[in-house]
Amino acid sequence: MTELIAPELVVLDASLGSSPADVIRHLAGLVADAGRATEVDGLFADAWAREQKTATGVPGGIAIPHCRSAAVTEPSLAMARLSQKVGFGAKDGDADLVFFIAAPEGADQEHLKLLAKLARSLIKKDFTASLRAAATREEVVALVNEALGLTGTAPAADAAASAPAAPAAAAGQKRIVAVTACPTGIAHTYMAADSLVAAGKDKGIDVQVETQGSAGSTPLPQSVIDAADAVVFAVDVDVRGKERFAGKAYVQSPVKRGIDEPGVMLDEALAVAADPSGRRIARGAAGSASSASGAETSESGGAKLKRALLTGVSYMIPFVAAGGLLIALGFLLGGYDITKYADTIVLKNNVFSLPTEFGPQAWGPLGAYLGAVLFKIGGLSIGFLVPALAGYIGYALADRPGIAPGFTAGAVAGFMGAGFLGGIVGGLLAGYTAHWLASLPAPRWLRGLMPVAIIPLVASIVASGLMFVVLGGPIAVVTKALNDWLTGMSGAAAVILGVILGLMMCFDLGGPVNKVAYSFAVAGLSAASATNAAPYHIMAAVMAAGMVPPLAMALATVLDHKNFNATEHENGKAAWLLGASFISEGAIPFAAADPLRVIPASMLGGALTGALSMAFNVSSKAPHGGIFVFFAIDNFFLWVVSIAAGVVVTALATIALKRYVGKKAPEAAEPVPVAA
């Protein structure tokens, strides 16, 4: 097995820059220079994306940036002992020891176990003290290999065993079980586990931890879970098999808090267990935590509602994006008359019996057949828009028992013509009803039926019944009036709508306001037709405006080098592709660093782009894809002109605001070259 670390992957007592991005890029360069990665940029981009999810600094002056990347050819560990400390987000200060873990996307279990063991070793003070005292790179390599058990006779697999089991609890001793998990599952998962066990030992608490990481997971015995007083979830992702902990008092926080404040989390868990009205994991819970005694104290009603709506939209978008692109491809192959022929062609023809009747714009008989197939698949996918929206709103509010009632209420909303608004209302009704039913006490013999039969049945009757009897009709009237108003828009009114949509798309760059504008546009596509092109115009304006912020930030970094630091220049390179693909989130790093300049400038350009797109009557039959769905956009040249105008305005406004308004943004120090 290839060694994880080598002397050429170690840097001692050097300054690698003033920001985490500088340090990570340098260490990624060491991995690539050693022939362990195919490229620096791809490895850095993956590592930096992971860093932005959760800071990798941990107590003791240590940082462990890490990632899985397709650019990595063999698992590698690069280490830097910094002469100039850099902040990686640890509460106790900046880091002088940085370990960069680079794993291939398909890393084998033996290497992953070794990487997990290294992460555990880094919370041991004697090990980190030895690293700080090491005189040579070879000494550092030897220390790491010794910690990994690679210098003795023990096989690697044995040396990389999972967390040691806690001793049996003494009589009267408090018991806590915990689950730790992070998105990558390499470092934080295991460090949090060991930190919780160590804190429990100090407090006289029996703590046993299940690590759900890349090195595999051994579930805690059910008898251990049943005997526990409380549960600690230190996780950044959903807990696998959460239903095993049903009825237990619990606390839940990001995995990094399990490293930074393990003792506090244990105290909180015992306090919740001692409180009869404290949070309990509901029967039938899976995925996100739910409470059997009411709403989570850590999440307000408004925050829960916003999270539910965003969850519904995020799960709905793949149906719409895939369906819209398939419809666009159907138009490309079968011509715009394919709507007249599609049903007949797919039912009466096949690849061995091609159609003879089709529109004049089709690419011949084969094009007509394939176009009809793609158009129908896309249309059926789009048909899930409202049910999927409602179903996953219900899921966000009540977990799995809310899915079936939500989908049913969404289908009812679609049947009654209540559309997008009806789907939202139906999903909320289903979710809140299912959540309330899950909170009711039930006899033991009925508990198994509650999440799979009783809750879906009753919640479906309540939510869908209210939609049929009370709410569906009025919402359908409102929806029809809104569609009629949009259909009648032209001239100045359409331009004003374009301005509003452009402002919304650029206000929070993928946040709730952005999602409202986007969802409004894609929901209208189902009502679009040859005689009602307004939804196509709205879709084009929304997509164009959403492309402006990342493209403008990329352009600004080219036009004005000094007012953007090294990290922003790296983000600017990626923003070209993200913007061209209609991924507004590509501008988030810039907005997060300088929101008072970037967001107003983005809204200015987005408003201009939305107005121009509507004024030019540009149409988009695809709901996503940016310039890569050019074939689905009418007046493509004018659409590009609209985008270019907004990009230039936003870029110039950003540069002007950075130069002349308020304090200038400091330029990050460039990394200092270090001899190999």
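Note that the numbering runs from 1 along the sequence shown for the chain. As a basis for the values below, the full set of heavy atoms in this structure was taken, side chains included, without hydrogen atoms, waters or symmetry mates.
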Does the side chain to side chain contact (heavy atoms under 4.5 Å, CB included) test come out yes or no for His66 and Thr56, once each step is laid out? CA-CA 8 Å; His66 54 278; Thr56 56; 4.1 Å; yes
Identify the heavy atoms of [X] and [Y] that sit nearest to each other, and give their distance.
| X | Y | answer |
| --- | --- | --- |
| Leu196 | Ala178 | CD1-CB, 4.0 Å |
| Gly200 | Val207 | CA-CG2, 3.7 Å |
| Gly606 | Ala545 | O-CB, 3.8 Å |
| Thr73 | Ala37 | OG1-N, 3.7 Å |
| Ala552 | Ala651 | O-CB, 3.6 Å |
| Pro549 | Cys506 | CG-SG, 3.6 Å |

Do [X] and [Y] touch side chain to side chain, with heavy atoms closer than 4.5 Å?
| X | Y | answer |
| --- | --- | --- |
| Tyr250 | Val179 | no |
| Val86 | Val98 | no |
| Lys658 | Lys562 | no |
| Ser602 | Thr654 | no |
| Ile176 | Val231 | no |
| Met79 | Val144 | no |
| Glu74 | Pro104 | no |
| Val40 | Arg25 | yes |

Looking at [atom1] of [X] and [atom2] of [Y], how far apart are the two atoms once the value is rounded to the nearest 0.5 Å?
| X | Y | atom1 | atom2 | answer |
| --- | --- | --- | --- | --- |
| Leu9 | Leu4 | CG | CG | 10.0 Å |
| Phe88 | Ile62 | CZ | CD1 | 12.5 Å |
| Ile225 | Gln208 | CD1 | CD | 10.0 Å |
| Leu82 | Asp96 | CG | CG | 7.0 Å |
| Leu12 | Ser83 | CG | OG | 11.0 Å |
| Ile24 | Leu43 | CD1 | CG | 10.0 Å |

Looking at [X] and [Y], does any basic side-chain N land under 4.0 Å from a carboxylate oxygen?
| X | Y | value |
| --- | --- | --- |
| Arg81 | Asp13 | yes |
| Arg36 | Glu8 | no |
| Arg257 | Glu268 | yes |
| Lys248 | Asp229 | no |
| Lys573 | Asp41 | no |

What verdict does the side chain to side chain contact (heavy atoms under 4.5 Å, CB included) test give for Val11 and His26, after you've listed the backbone C-alpha separation in whole Å, the side-chain angles of each residue and the deciding distance to 0.1 Å? CA-CA 10 Å; Val11 176; His26 188 97; 4.2 Å; yes
Please assess Val209 against Val177 for the test side chain to side chain contact (heavy atoms under 4.5 Å, CB included), listing each intermediate value before the final yes or no. CA-CA 6 Å; Val209 185; Val177 292; over 6 Å; no
What orientation do Phe233 and Phe245 show, parallel under 30°, tilted 30 to 60°, or perpendicular over 60°?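 Because their plane-to-plane angle is over 60°, the rings of Phe233 and Phe245 count as perpendicular.
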Donor-acceptor check, side chain of [X] to backbone of [Y], threshold 3.5 angstrom: yes or no?
| X | Y | answer |
| --- | --- | --- |
| Asp206 | Lys174 | no |
| Glu51 | Ala47 | no |
| Glu138 | Pro7 | no |
| Thr650 | Ala601 | yes |
| His569 | Phe564 | yes |

Do Arg132 and Thr128 pass the side chain to side chain contact (heavy atoms under 4.5 Å, CB included) test, and can you show the C-alpha distance, the side-chain angles, and the key distance before you say yes or no? CA-CA 6 Å; Arg132 289 189 170 96; Thr128 54; 3.8 Å; yes
